[in-house]
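Here the structure comes first, spelled out in structure tokens, and everything after it is commentary.
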2 protein chains.
Amino acid sequence: MKYIEKLRNSGLRPTKQRLQICEILFDREKTFHFTINELDQKIKNKIHNKISLATIYNTVHAFEKKGYLKQIPINSNQTYFDTNVTDHHHFYNLEDGKLIDLENSDVGPINIKKKINGKKIKSIEILVKLED
Amino acid sequence: MKYIEKLRNSGLRPTKQRLQICEILFDREKTFHFTINELDQKIKNKIHNKISLATIYNTVHAFEKKGYLKQIPINSNQTYFDTNVTDHHHFYNLEDGKLIDLENSDVGPINIKKKINGKKIKSIEILVKLED
DNA sequence: TTGTAGTTTATAATGGTTCTAAACAGCTGT
DNA sequence: ACAGCTGTTTAGAACCATTATAAACTACAA
Ligand SMILES: [Mn+2]
Ligand SMILES: [Mn+2]
Ligand SMILES: [Zn+2]
Ligand SMILES: [Zn+2]
């Protein structure tokens with residue numbers, strides 16, 4: 001399997017559950033934006049054995065900590081995660097709650113003129129809300 | 001009281017509780033960013049009668065609906081609200097979870113080049129995360 | 001003053017997330 | 001191959017911000 005090495009190199013044991021979750025999360029062309037519940041549904045549809053919800057939470061947080069996933073700041077009752085861990089921006093479709101990536105080339109240069117003493121910028125994220 | 005008219009004009013009855021919450025929220029020079037719990041604490045410190053937590057939630061949501069407050073998209077276990085309802089951006093201090101306004105003059109023009117068919121942009125918000 | 005609709009309140013319910021602790025499984029050394 | 005260790009999975013409980021409930025209360029118009 002292609003994820004065994006990746007997990008081992010991160011200090012994570014390549015368990016059956018983690019490998020299956022890796023396939024669902026990372027075997028895709030495009031960025032995957034998801035909530036834990038959406039991931040849980042995808043797992044139920046695509047694999048035959050059961051993975052407990054606790055394991056899904058554990059795995060997502062482990063992957064986040066290792067830098068394979070990141071959270072997206074959205075006001076929702078559920079936390080959104082992103083398989084695209086590069087610095088990038090989002091469209092947020094208010095109708096269906098779905099996210100679309102904006103690559104850096106899709107956005108002109110951002111100039112933050114204000115400075116805060118003793119602080120440095122860690123990230124700059126734009127959220128563009130869309131309506132009909 | 002200066003808020004009685006404002007509330008009546010919005011179709012909200014100017015109750016004692018709402019007027020007291022108005023004073024805490026809006027009698028200030030600068031933008032107030034807060035969670036429900038922080039507001040609850042401020043209320044406990046500044047007024048003598050009790051306002052139930054349910055009323056605080058009800059009032060904040062009523063004010064949000066009327067456009068006197070808005071939510072800020074932040075990943076936190078609590079929802080953040082903002083008394084500055086204009087379109088503006090934020091610094092987010094990761095150390096203490098505090099928000100600082102960025103006026104539009106603090107940020108250069110933002111150019112979103114990508115278009116989504118049949119959708120129009122409702123808002124553009126930048127979140128600048130700060131670290132030491 | 002009286003009626004009505006809007007509001008407040010204590011309390012329960014909801015639901016996403018985290019915790020617990022016992023069973024289980026991957027890995028290292030023998 | 002086996003033992004032993006430690007990391008992982010799991011069901012279920014706990015947590016806690018938020019929302020729902022429904023009864024008491026209140027603003028206000030008639
Ligand atoms: Mn996390
Ligand atoms: Mn709301
Ligand atoms: Zn993304
Ligand atoms: Zn603000």
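Chain letters run A, B, ... following the sequence lines, proteins first and then strands; every chain starts at 1. Source: prediction; values computed, not measured.
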- line: note: B/Asn49, atom CG; D/dT26, atom P; distance rounded to Å ~ 12 Å
message: Looking at A/Glu95, I'd like to know if its CD atom is crowded, meaning that more than 12 non-hydrogen atoms belonging to other residues, nucleotides or ligands lie closer than 6.0 Å.
response: yes
task: Have a look at the helix from C/dT1-D/dA30 to C/dT30-D/dA1 and give the angle its two end axes make, five pairs each, rounded to 10 degrees.
output: 20°
query: If you link I, L, V, M, F, W and Y whenever their side-chain heavy atoms are under 4.5 Å apart, who else ends up in the same group as A/Ile126?
result: A/Phe91, A/Ile100, A/Leu102, A/Val107, A/Ile110, A/Ile112, A/Ile116, A/Ile121, A/Ile124, A/Val128, A/Leu130, B/Phe91, B/Ile100, B/Leu102, B/Val107, B/Ile110, B/Ile112, B/Ile116, B/Ile121, B/Ile124, B/Ile126, B/Val128, B/Leu130
task: Can you sort out the partners of A/Gln20 under side-chain hydrogen bond (donor to acceptor under 3.5 Å, both in side chains), two or more places apart, ordered by chain and number?
output: A/Asn49
task: Could you state the atom-to-atom distance from CD1 of B/Ile51 to C1' of D/dT26 in whole Å?
output: 15 Å
- prompt: B/Gln71 CD to D/dT19 P: how many Å, rounded?
  reply: 8 Å
- prompt: Going by the salt bridge (Lys or Arg N to Asp or Glu O under 4.0 Å) test, which pairs reach into residues 40-63 of chain A, not counting sequence neighbours?
  reply: A/Asp40-A/Lys44
field: D/dT9 OP1/OP2 closer than 4.0 Å to side-chain N/O of A/Ser52
entry: no
statement: Atom CD of A/Glu38 and atom C1' of C/dT17 are separated, to the nearest Å, by 16 Å
- request: Tell me, please, which residues at least two apart from B/Thr83 pass side-chain hydrogen bond (donor to acceptor under 3.5 Å, both in side chains).
  value: none
field: Of all pairs that satisfy salt bridge (Lys or Arg N to Asp or Glu O under 4.0 Å), the ones with a partner from residues 23-36 of chain B, not counting sequence neighbours
entry: B/Lys2-B/Asp27
message: How many whole angstroms separate atom CG of A/Asn58 from atom C1' of C/dC24?
response: 14 Å
task: Go through the structure and list residues passing side-chain hydrogen bond (donor to acceptor under 3.5 Å, both in side chains) with B/Asp106, not counting sequence neighbours.
output: none
statement: In 5'-to-3' order, the base (B), backbone-only (S) or no-contact (-) status of each nucleotide in nucleotides 12-18 of chain D, using a 4.0 angstrom heavy-atom cut-off, is -----SB
message: Applying side-chain hydrogen bond (donor to acceptor under 3.5 Å, both in side chains), can you list everything that pairs with A/Ser52, at least two apart in sequence or on another chain?
response: A/Thr55
B/His89: ring-ring contact (aromatic ring centres under 6.0 Å, His included) partners, not counting sequence neighbours: none
field: Nearest-angstrom distance from the residue atom NZ of A/Lys50 to P of D/dT8
entry: 20 Å
query: For residues 110-123 of chain A, which residue pairs qualify under salt bridge (Lys or Arg N to Asp or Glu O under 4.0 Å), counting only residues two or more places apart or in two chains?
result: A/Lys119-B/Asp132
- prompt: Does any residue of residues 6-19 of chain B have a heavy atom under 4.0 Å from DNA chain C, and if so, which ones, in number order?
  reply: B/Leu12, B/Arg13, B/Thr15, B/Gln17, B/Arg18
Residues, nucleotides or ligands: over 12 heavy atoms within 6.0 Å of B/Asp96 CG: yes
- request: Provide, to the nearest angstrom, the distance between the CD1 atom belonging to B/Ile43 and the P atom belonging to C/dT9.
  value: 10 Å
